[in-house]
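Below is one structure; the comments refer to it alone.
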Amino acid sequence: MLPPRYDPRDVEPRILARWEKDQPWRCNPQSGKPPYAIVIPPPNITGRLHLGHNLVNTFQDILIRYKRMDGYEACWFPGTDHAGIATQNVVERALAKEGLTRQALGREEFERRVWAWKERYGGEIVEQLKVLGCSCDWSRQRFTLDPGLSRAVRTAFVRLHREGLIYRGDYMIHWCPRCGTALSDIEVEHREIDGHLFYVRYPLEGGGFIPVATTRPETMLGDTAVAVNPRDERYRDLIGRTAVLPLLGRRLPIVGAEEVDPAFGTGALKITPGHDPVDREIGKRYGLPTVDVLNPDGTINEHGGPFAGLERFAAREEIVRRLTAEGLLEKVVPYRHAVGHCQRCETRVEPKVSTQWFVRMRPLAEPAIAAVQDGRIRFVPERWAKVYFDWLEGIRDWCISRQLWWGHRIPAWYGPDGEAFIAHDEAEARALAKNHYGREVPLRQDEDVLDTWFSSALWPFSVMGWPERTEDLAVFYPTAVLVTAFDILFFWVARMVMMGLHFMGEVPFREVLITPFIVDERGQKMSRSKGNMIDALEVKESHGMDALRFAMAGSSTKGRELRFSLRQVDEARNFQNKLWNMARFVLANTEDLPAGAALAGRPLAPEDRWILSRLEGVVEKVRTELERYNFHLATEALYQFTWHELCDWYLELAKLRLQGDDPEARRTCQLVLREALETVVRLLHPIMPFLTEEIWAHLGKEGLLAHAAYPTVRPERRDPVAEAELERFMELVREVRAVRAEVGVPAAAELELVLTSGAGIEALVGHFELALRRLARLRSVRVSPGERPPAGSARGVAGEIAFFLPVGDLVDWPAVRDKIRKDLEKTKAELEKIEARLGNPEFREKASPEVVARAEAEAEALRGRRARLERQLAP
RNA sequence: GGGCGAGUAGCUCAGUGGGAGAGCAUCCGGCUUACAUCCGGAAGGCCAGAGGUUCGAUCCCUCUCUCGCCCA
């Protein structure tokens with residue numbers, strides 16, 4: 001006998017072990033089945049499973065499992081991302097604990113350490129995906145630094161370069177002093193901070209001052225001019241004169257520039273072409289020198305004169321102090337402004353001119369825009385397309401070089417004179433160089449690595465073996481859907497579309513499902529520092545992974561955030577237990593069912609036809625909603641059906657036949673129970689794979705449920721007559737129960753039920769007498785049209801049926817009367833509204849005939865109900 | 001400054017151009033032999049506010065308010 005309480009800690013590891021042993025997710029591109037592919041958003045090797053992963057991967061697994069069961073060659077390509085900065089940071093922190101730095105180790109040794117770290121911990125996240133139940137084809141697992149994928153990266157780089165889409169040059173980039181690298185625009189987060197605006201007097205040659213305002217006084221060390229708006233009467237006459245940079249004494253020409261906003265600060269702008277994009281433009285126009293005053297670590301370099309070596313903020317303080325001492329600081333006012341921060345380490349970034357590699361984005365962006373516009377790619381929810389368009393339309397070139405050690409080394413080799421040779425490998429570079437110089441020369445490879453996202457952009461095809469022409473690419477590209485959260489829409493999704501179109505000539509995926517962002521129940525972002533993280537693995541321990549998956553699926557919405565709390569998992573756990581117990585019940589009651597017994601051809605009871613009809617409705621609903629990515633609606637339909645129709649009603653009704661003395665009826669009931677359980681288990685499998693697989697095994701089925709067929713739609717099972725009949729029955733039971741409860745009949749009392757009116761109640765009682773007695777706790781049921789209820793007896797109305805319960809002094813007559821009155825009031829109010837609507841000629845004229853007919857039927861039913869209730873009101 | 005999302009029962013949220021639902025919490029009653037992670041019953045809402053379109057609006061349109069996010 002199975003335990004009465006489902007224990008996922010027993011079941012889940014066993015199922016997992018079986019999956020591990022049988023490798024059931026391996027796909028076969030030659031199967032001839034229609035392909036259905038998903039590439040996983042590769043988690044970082046530093047990652048630990050959090051709820052965001054859980055959500056995204058649960059959705060993908062639901063889709064893959066559904067399609068696999070539904071006859072597709074469903075292939076889910078897994079893998080991990082080397083995550084340049086993130087991983088380097090993690091390993092550097094670990095080194096710091098040993099008192100080491102990467103500089104002390106040297107590049108080669110450091111890289112060796114990161115690989116060692118990757119071997120040790122990088123597999124953890126993959127193990128966690130397995131624990132989650134992800135049915136990826138693990139034989140196809142890839143890592144972005146694998147030799148094959150590295151080759152893809154170099155191939156893409158070389159091609160883009162030869163096509164003129166990659167270039168190298170000196171441009172203003174964002175520099176993170178802590179990470180010691182350039183960043184792309186989108187790796188910088190702008191945050192409002194409370195700072196200061198410093199008003200500084202710059203002396204003029206020949207006497208006087210020009211006041212300038214700045215939020216970053218330390219950048220004055222790189223000033224090479226002062227600019228004013230030529231239409232600004234205050235300063236117009238100063239154009240052409242020269243100011244003297246305080247503290248350093250550098251001579252600064254005063255120039256005119258339209259960009260200067262006379263209303264901001266003093267109206268005069270100090271020009272620092274090395275550290276401000278606007279200043280750089282102005283500097284270029286006037287041929288001003290560019291002075292970079294920052295070392296890679298954020299300290300002031302040799303151009304800072306006496307301030308060299310000071311950390312940037314210390315330098316700021318020191319400069320302010322000196323300016324004050326010299327009487328050149330006019331004033332300091334509080335000033336709130338947006339400042340860029342490194343997405344990875346939250347350090348304030350500095351704009352800085354630097355030599356970097358860039359991808360020219362405009363030519364890549366246009367086809368990517370078109371692909372969504374013409375529907376080759378569809379966003380779900382659709383509104384994300386707008387965000388995607390807005391970004392691509394305003395796109396700027398992408399800085400792809402990073403001054404890191406962990407990543408794909410840039411495939412550029414430099415000759416002695418700095419000439420760059422871009423090649424797939426050193427041998428090719430050597431050949432190119434020899435051709436260029438006419439002799440062998442020593443070459444030096446670029447020290448930098450590529451932005452992690454460069455390799456990620458190639459993922460949908462590099463994971464399938466590109467640039468080789470593989471069978472996987474031929475069969476599985478383009479993939480069906482990409483599932484991800486919106487935070488990497490620009491970082492990843494848009495770039496995959498661009499690269500996919502460019503290199504494969506075809507979109508990488510047909511649909512993009514943007515999942516909500518998980519926050520805690522108060523709407524706060526979950527983070528370790530806030531202490532509001534929900535650990536997926538802890539939840540697995542306490543509730544089971546199926547429960548977590550079910551909760552995830554059930555709370556998926558179209559909003560942009562998803563407030564998640566353990567209460568939802570409690571609910572899912574309860575459902576899990578309900579399902580388990582239903583299975584126990586069915587199994588225990590069908591042990592004697594012969595193997596070959598079939599339902600086809602057997603006479604069905606009304607409740608059989610009802611539950612099979614309802615089941616059919618659920619099959620249709622679940623399929624429809626899964627196709628639309630409405631996991632919550634599929635989940636809800638399964639929950640409601642299983643719990644509140646199958647368990648609450650059908651199982652209760654089934655007990656009568658199972659315990660009855662008609663062997664044929666018993667057999668039919670057993671077969672319907674099996675059919676219902678099997679179908680529910682199949683339907684639920686993509687959402688709750690462990691529990692359903694376990695039940696499947698107990699049902700004695702051959703093979704894995706994961707490979708069984710998904711239930712198909714069989715409209716011939718729809719039976720509106722049976723549904724209406726059962727609805728009548730259930731309504732009567734509910735009403736008798738309600739009357740009993742409200743009127744104070746002791747719960748255990750077995751009463752007599754007398755039905756006094758209602759079309760076809762004889763037939764109803766004929767079939768359901770036993771059921772009525774059992775479900776409404778009755779001693780007997782009698783049909784007696786027109787019989788007057790004894791004074792003070794309990795009574796009620798269920799649809800078109802009127803009834804009473806002769807219980808003598810067991811009931812509280814005023815309570816009976818109050819309940820009937822309450823019902824009557826409600827009925828009257830509803831009737832009034834409907835009659836008002838029907839009384840409106842425009843309604844009859846303009847509303848659809850079905851709506852009018854429905855309203856009329858409703859009114860008729862309410863009138864009947866009103867009459868019956870009024871009659872029941874007599875003492 | 002521009003854009004997006006959310007505002008529905010005490011809480012967390014579904015939902016649809018034809019009159020509002022779930023789970024939890026609450027209250028009442030039950031150990032009814034699958035399940036107390038359960039069973040039965042009840043109560044609870046001018047669907048943020050104001051206009052408009054419509055025979056009819058929680059749903060579509062406009063404006064306002066509150067909260068959150070993205071981009072500049």
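Letters A, B, ... mirror the listed sequences (proteins, then strands); counts begin at 1. Treat the numbers as computed from the prediction; the structure is a model and nothing was measured.
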Excluding sequence neighbours, so at least two apart, what forms salt bridge (Lys or Arg N to Asp or Glu O under 4.0 Å) with A:Glu830? none
Does a side-chain N-to-carboxylate-O contact under 4.0 Å join A:Lys822 and A:Glu742? yes
Could A:Glu735 and A:Lys819 be called an ion pair, given the rule that one side-chain N must be under 4.0 Å from one carboxylate O? yes
Spacing of the C1' atoms in B:U16 and B:C59 (rounded, Å): 7 Å
Walk along nucleotides 36-45 of chain B from 5' to 3' and tag each nucleotide B, S or - by protein heavy-atom contact under 4.0 Å, base first, then sugar-phosphate. -BSSSSSS--
With A:Thr484, which residues qualify under side-chain hydrogen bond (donor to acceptor under 3.5 Å, both in side chains), at least two apart? none
Suppose we screen for side-chain hydrogen bond (donor to acceptor under 3.5 Å, both in side chains). Which residues come up paired with A:Gln872, at least two apart in sequence or across chains? none
Nucleotide nearest A:Lys386 (side chain, heavy atoms from C-beta), chosen from B:C4, B:A34, B:A14: B:C4
Those residues at least two apart in sequence (or on a different chain) that pass salt bridge (Lys or Arg N to Asp or Glu O under 4.0 Å) with A:Arg773 are A:Glu769
Treat primed atoms plus P, OP1 and OP2 as sugar-phosphate and everything else as base, then score nucleotides 67-72 of chain B 5' to 3': B for base contact with protein heavy atoms under 4.0 Å, S for sugar-phosphate contact only, - for none. -SB--S
Where each residue is assigned the nucleotide of RNA chain B containing its nearest heavy atom, which of A:Gln568 and A:Glu652 is assigned the position nearer the 5′ end? A:Gln568
Which residues satisfy the salt bridge (Lys or Arg N to Asp or Glu O under 4.0 Å) test with A:Arg623, sequence neighbours excluded? A:Asp70
Could you write out RNA chain B as a dot-bracket string, with dots for unpaired bases, | for bases paired across to another strand, and Watson-Crick or G-U pairs counted at under 3.5 Å? (((((((..((((....[..)))).(((((.......))))).....(((((..]....)))))))))))).
Sequence neighbours left out, what passes salt bridge (Lys or Arg N to Asp or Glu O under 4.0 Å) with A:Arg5? Give chain and number order. none
Can a donor-acceptor pair be found, under 3.5 Å and without considering hydrogens, that links the side chain of A:Arg280 to the backbone of A:His275? no
What residues from residues 829-845 of chain A pass a heavy-atom cutoff of under 4.0 Å to RNA chain B? A:Lys833, A:Arg837, A:Asn840, A:Glu842, A:Phe843
Hey, are the side chains of A:Leu482 and A:Leu513 touching, using non-hydrogen atoms and a 4.5 Å cut-off? no
Base, sugar-phosphate or nothing for A:Leu587? Non-hydrogen atoms, less than 4.0 Å. nothing
B:G56 and B:C38: how far apart are their P atoms, nearest whole angstrom? 46 Å
Within residues 847-857 of chain A or reaching into it, pairs that qualify as salt bridge (charged side-chain N to carboxylate O under 4.0 Å, His left out) - sequence neighbours excluded: A:Arg844-A:Glu856
Which residues pass the side-chain hydrogen bond (donor to acceptor under 3.5 Å, both in side chains) test with A:Glu832, sequence neighbours left out? none
